[in-house]
K.L.:
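Handing you this structure, nothing more for now.
The structure presented is a predicted model; accordingly, all values stated were derived computationally and were not measured.
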Amino acid sequence: MTDLRLGPLLRYVDWERGDTATVWVETGGPCTAEVVCADGAGGTARTFLIAGHHYALVPVTGLTPGTRTTYRVLLDGGQVWPPADPAFDRFPASAIGTPAPGESTVRVSFGSCRWAAPPSGEHDPVGADALDTLASRLAAHPPDTWPDVLLLLGDQVYADETSKATRAWLATRRNLDEPPGAQVTDYEEYTRLYYESWLDPGVRWLLSTLPTCMIFDDHDVIDDWNTSASWLAGIRATPWWQERILSGLMSYWVHQHLGNLPPAELATDELYTAVCAAPDGTDLLRRFASEADRAPDTVRWSYRRDFGRVRLVMVDTRAGRVLAEQDRSMLDEKEAQWLRDQVLGDRGGYDHLLLGASLPWLLPRFIHDVEAWNAALCRGERGPRWARIGEKVRRGADLEHWAAFPESFADLTRLLTQAGTGPDAPSTVCVLSGDVHHAYIAEPRWPAGQAPSAKVLQLTCSPVHNSIPASIRWGFRFGWSETARRLGRRIARHGRVGEPLVDWLRTGGPWFGNQLMTLTLRGRRAALALDQARPKPGGGAQLVRAMETDIAP
């Protein structure tokens, strides 16, 4: 019988009718994958083949709105899930929950930056994994307290920072003394990262029963991916980069991107249809990845999901950048227009707008001003010598957030202001981000008479499971200080950088640790909580509530 290699992952759950979902699996060979629900709902899909690996995204139909039904996974008629493995005995059966008609409460948990946790029993040098501890919490509490969706905002895998076990495996395939050393190089090595990350029992159960939305960030490909045109030219000159970027985009499409899309959109997706119909879809997907790398504006990784009257717009802030120094933009023109359409179209149709972007819109003000200053230098504001210095500083200090794309920062500020203004404005407009290895709340301050009616916030939460060196803690604490704010303005003036369209203050945090934030949205009300993974007396770990506040009472 064909085995289940990875999954199942519950990805999409429909909130319009409450009767449809998708479940993703990787199998050990070609087969028909089937999801059978206890209430009679279900679906089947034939696997497709990519680089020697077999996958299926199973559409599940006939679900009853407002219910939670357990499910099984069968491959060619043989049951492979739930597994006969005592490691899963502490978890309830995997289930698909659907919203009741008119459901007005939506719970959204989010975070980013997750190294795979070491195997059970091994010392974890960076502390407890917030996803593992979330799984333990959910297993001990009734489903009506669970999040409705989990947003993973980048760095789901680390292609450039591999574990000791993965490095040992890589060494059996090639010489790690040759570039890129212990980083991954091809599709097969990417699959190793997903196995290491998603086969952990707690995380595997969690992903099987909690719907997820995902977007990539730099480490899914390489640190500081697409920092600048100079950076891109340099890395393209290396002999290993072409295979790395194609494999990174291919594996992202398979493991993360497909599950973000609803079945109706998948049914009209030309690439997905062709890959499913082909005996082997590898070349088709490879050509797609090559085109996505060569002409990023031909591909859209961003997407929109509506959860009742909560609108989520997940934005790619990595692959679609315009890097020409005089035209630098976080989003190309087509992507920027798409974003405006999703945010401003049918604006009266949602009570809360969530913009998921791996990189924060509002950083500590000192860091924002330094990035804006650096961008001015790099485009030649102080002459060629300073431009060369600026590029070295940009790469060395990772200065490539929204502030490093000044026009994009201003455009996003205008868009969020417009979204939150007027009689049809939502109650809240929240930018959900990760990347910076700490959590905080930042609130903009508009000039007199220009403030929108909606509550506009930057909500940043990372890491889920990663290191937080003391230097990072100190740097971000300093970055939020008044002294740093004044210093940042002096630096910005050297680059002839004016004031941004809005000012902002940190109104919560900074919090350091492995953590997740959760938004609870009820009608037009909104509450925010932060949970941190901490050691439990007597051994093990648990999620501890570190902050709870009403942001729209």
K.L.:
Surrounding CD of Glu188 (heavy atoms of other residues, nucleotides or ligands, distance under 6.0 Å), is the total greater than 12?
P.N.:
yes
K.L.:
So how far is it from Leu9 CG to Trp198 CH2, rounded to the nearest 0.5 Å?
P.N.:
5.0 Å
K.L.:
Between Tyr272 and Glu265, does any side-chain donor sit less than 3.5 Å from a side-chain acceptor?
P.N.:
no
K.L.:
Is it true that the side chains of Ser408 and Ser329 contain a donor and an acceptor less than 3.5 Å apart?
P.N.:
yes
K.L.:
With sequence neighbours left out, what residues match Ser481 under side chain to side chain contact (heavy atoms under 4.5 Å, CB included)?
P.N.:
Phe478, Thr483, Ala484
K.L.:
Given the rule in the side chain to side chain contact (heavy atoms under 4.5 Å, CB included) test, do Asp217 and Ser112 qualify, once you have shown the distances and angles that lead to the verdict?
P.N.:
CA-CA 9 Å; Asp217 199 18; Ser112 80; over 6 Å; no
K.L.:
Provide the full list of salt bridge (charged side-chain N to carboxylate O under 4.0 Å, His left out) pairs with a residue in residues 152-166, sequence neighbours left out, each pair given once.
P.N.:
none
K.L.:
Under the ring-ring contact (aromatic ring centres under 6.0 Å, His included) rule, collect the residues that match up with Tyr440, sequence neighbours excluded.
P.N.:
His438, Trp480
K.L.:
Do Leu151 and Val108 come close enough that some side-chain heavy atom pair is under 4.5 Å?
P.N.:
yes
K.L.:
Quick one: which residue pairs count as a salt bridge (charged side-chain N to carboxylate O under 4.0 Å, His left out) with a foot in residues 297-308, not counting sequence neighbours?
P.N.:
Arg300-Glu335, Arg304-Asp306, Asp306-Arg311
K.L.:
Looking only at heavy atoms, which two atoms of Ala546 and Arg534 are closest? And how far apart?
P.N.:
CB-NH2, 3.8 Å
K.L.:
Using the rule given for side chain to side chain contact (heavy atoms under 4.5 Å, CB included), can you reason through Leu210 versus Val149, listing the C-alpha separation, both sets of side-chain angles and the distance that settles it, and then say yes or no?
P.N.:
CA-CA 6 Å; Leu210 199 63; Val149 64; over 6 Å; no
K.L.:
Looking only at heavy atoms, what is the nearest atom pair of Ile472 and Phe512, with distance?
P.N.:
O-CE2, 4.4 Å
K.L.:
With ring centroids as reference points, do His368 and Trp504 lie under 6.0 angstrom apart?
P.N.:
yes
K.L.:
Strictly below 4.0 Å, N to O, side chains only: are Arg394 and Glu371 in salt-bridge contact?
P.N.:
no
K.L.:
Answer with yes or no whether the side chains of Tyr195 and Glu26 bring together a donor and an acceptor at under 3.5 Å.
P.N.:
yes
K.L.:
Thinking salt bridges, do Arg506 and Glu443 make one under a 4.0 Å N-O criterion?
P.N.:
no
K.L.:
Taking the side chain from Ser247 and the backbone from Glu243, do they hold a donor-acceptor pair closer than 3.5 Å?
P.N.:
yes
K.L.:
Are His255 and Tyr55 an aromatic pair by the rule of ring centers under 6.0 Å?
P.N.:
yes
K.L.:
Would you indicate whether the side-chain heavy atoms of Leu339 and Leu355 approach each other to under 4.5 Å?
P.N.:
yes
K.L.:
Regarding Ser358 and Thr317, do their side chains bring together a donor and an acceptor under 3.5 Å, going by distance alone?
P.N.:
yes
K.L.:
Say whether, by atom type as modelled, one donor and one acceptor occur between the side chain of Thr133 and the main chain of Ala533 under 3.5 angstrom.
P.N.:
no
K.L.:
Looking at residues at least two apart in the chain, or sitting in another chain, which of them share a ring-ring contact (aromatic ring centres under 6.0 Å, His included) with Trp402?
P.N.:
none
K.L.:
Provide the full list of salt bridge (charged side-chain N to carboxylate O under 4.0 Å, His left out) pairs with a residue in residues 356-369, sequence neighbours left out, each pair given once.
P.N.:
Arg365-Asp369, Arg365-Glu499, Arg365-Asp503, Asp369-Arg489
K.L.:
Test side chain to side chain contact (heavy atoms under 4.5 Å, CB included) on Asp435 and Ser462 and set out the steps.
P.N.:
CA-CA 6 Å; Asp435 180 69; Ser462 82; 5.6 Å; no
K.L.:
Taking the side chain as everything from C-beta on, heavy atoms only, tell me whether Asp224 gets closer than 4.5 Å to His219.
P.N.:
no
K.L.:
Within the structure provided, determine whether Ile468 and Pro463 are in side-chain contact (heavy-atom separation under 4.5 Å).
P.N.:
yes
K.L.:
Might you work through the side chain to side chain contact (heavy atoms under 4.5 Å, CB included) test for Gln532 and Trp511, ending with a clear yes or no?
P.N.:
CA-CA 9 Å; Gln532 295 184 321; Trp511 296 281; 3.8 Å; yes
K.L.:
For residues Met547 and Leu528, determine if any side-chain heavy atom of one lies less than 4.5 Å from a side-chain heavy atom of the other.
P.N.:
yes
K.L.:
Pairing donors with acceptors under 3.5 angstrom, does anything connect the side chains of Asp341 and Gln337?
P.N.:
yes
K.L.:
Can a side-chain donor-acceptor contact be found between Thr460 and Gln458 if the only test is distance below 3.5 angstrom?
P.N.:
yes
K.L.:
In chain order, what residues pass the side chain to side chain contact (heavy atoms under 4.5 Å, CB included) check against Arg395, with sequence neighbours excluded?
P.N.:
Ser228, Ser230, Trp231, Glu391
K.L.:
Distance only, no hydrogens: is a donor on one side chain within 3.5 Å (strictly under) of an acceptor on the other, for Arg114 and Asn466?
P.N.:
no
K.L.:
So, Trp301 versus Phe288, ring centres under 6.0 angstrom or not?
P.N.:
yes
K.L.:
So which heavy atom on Asp200 is nearest to which on Ala117, and how close?
P.N.:
OD2-CB, 4.5 Å
K.L.:
Can you see whether Thr166 engages Glu196 through a side-chain donor-acceptor pair at a distance of less than 3.5 angstrom?
P.N.:
yes
K.L.:
Any idea which heavy atoms bring Gly259 and Thr22 closest together, and the distance?
P.N.:
O-OG1, 4.4 Å
K.L.:
One thing to verify: whether Arg525 and Asp550 come together as a salt bridge, which I'm taking to mean a side-chain N less than 4.0 angstrom from a carboxylate O.
P.N.:
no
K.L.:
Which residues pass the side chain to side chain contact (heavy atoms under 4.5 Å, CB included) test with Leu344, sequence neighbours left out?
P.N.:
Arg340, Arg347, Leu415, Gln418, Ala419
K.L.:
Is any NZ, NE, NH1 or NH2 atom of the basic residue among Glu189 and Arg192 found under 4.0 Å from an Asp or Glu carboxylate oxygen of the other?
P.N.:
no
K.L.:
How long is the gap from CZ on Phe110 to OG on Ser433, to the nearest 0.5 Å?
P.N.:
8.5 Å
K.L.:
Would you say that Ile50 contacts Val275 through its side chain, given a criterion of any heavy-atom pair below 4.5 Å between the two side chains?
P.N.:
yes
K.L.:
List for me each residue that meets side chain to side chain contact (heavy atoms under 4.5 Å, CB included) alongside Thr421, sequence neighbours excluded, and say none if there are none.
P.N.:
Thr417, Pro452
K.L.:
Between Thr413 and Trp361, do the side chains contain an N or O donor and an N or O acceptor separated by less than 3.5 Å?
P.N.:
yes
K.L.:
Partners of His465 by ring-ring contact (aromatic ring centres under 6.0 Å, His included), sequence neighbours excluded?
P.N.:
none
K.L.:
For Trp146, enumerate each residue passing the ring-ring contact (aromatic ring centres under 6.0 Å, His included) test, keeping only those at least two apart in sequence or located in another chain.
P.N.:
Trp205
K.L.:
Can you name the side-chain hydrogen bond (donor to acceptor under 3.5 Å, both in side chains) partners of Asp132, sequence neighbours left out?
P.N.:
none
K.L.:
Looking at side-chain heavy atoms only, is the closest gap between Asp129 and Val203 below 4.5 Å?
P.N.:
yes
K.L.:
Going by atom types only, do His352 and Thr428 share a side-chain donor-acceptor pair under 3.5 Å?
P.N.:
yes
K.L.:
Is the backbone N or O of Glu400 less than 3.5 Å from a side-chain atom of Thr227, with the two atoms forming a donor-acceptor pair by type?
P.N.:
no
K.L.:
Taking side chain as C-beta onward, heavy atoms only, is Asn260 less than 4.5 Å from Arg11?
P.N.:
yes
K.L.:
If I compare all heavy atoms of Leu530 with all of Ala439, which pair ends up nearest, and what's the gap?
P.N.:
CD1-CB, 4.2 Å
K.L.:
Within this structure, what is the CG-CG distance for the pair Leu432 and Leu312, rounded to the nearest 0.5 Å?
P.N.:
7.5 Å
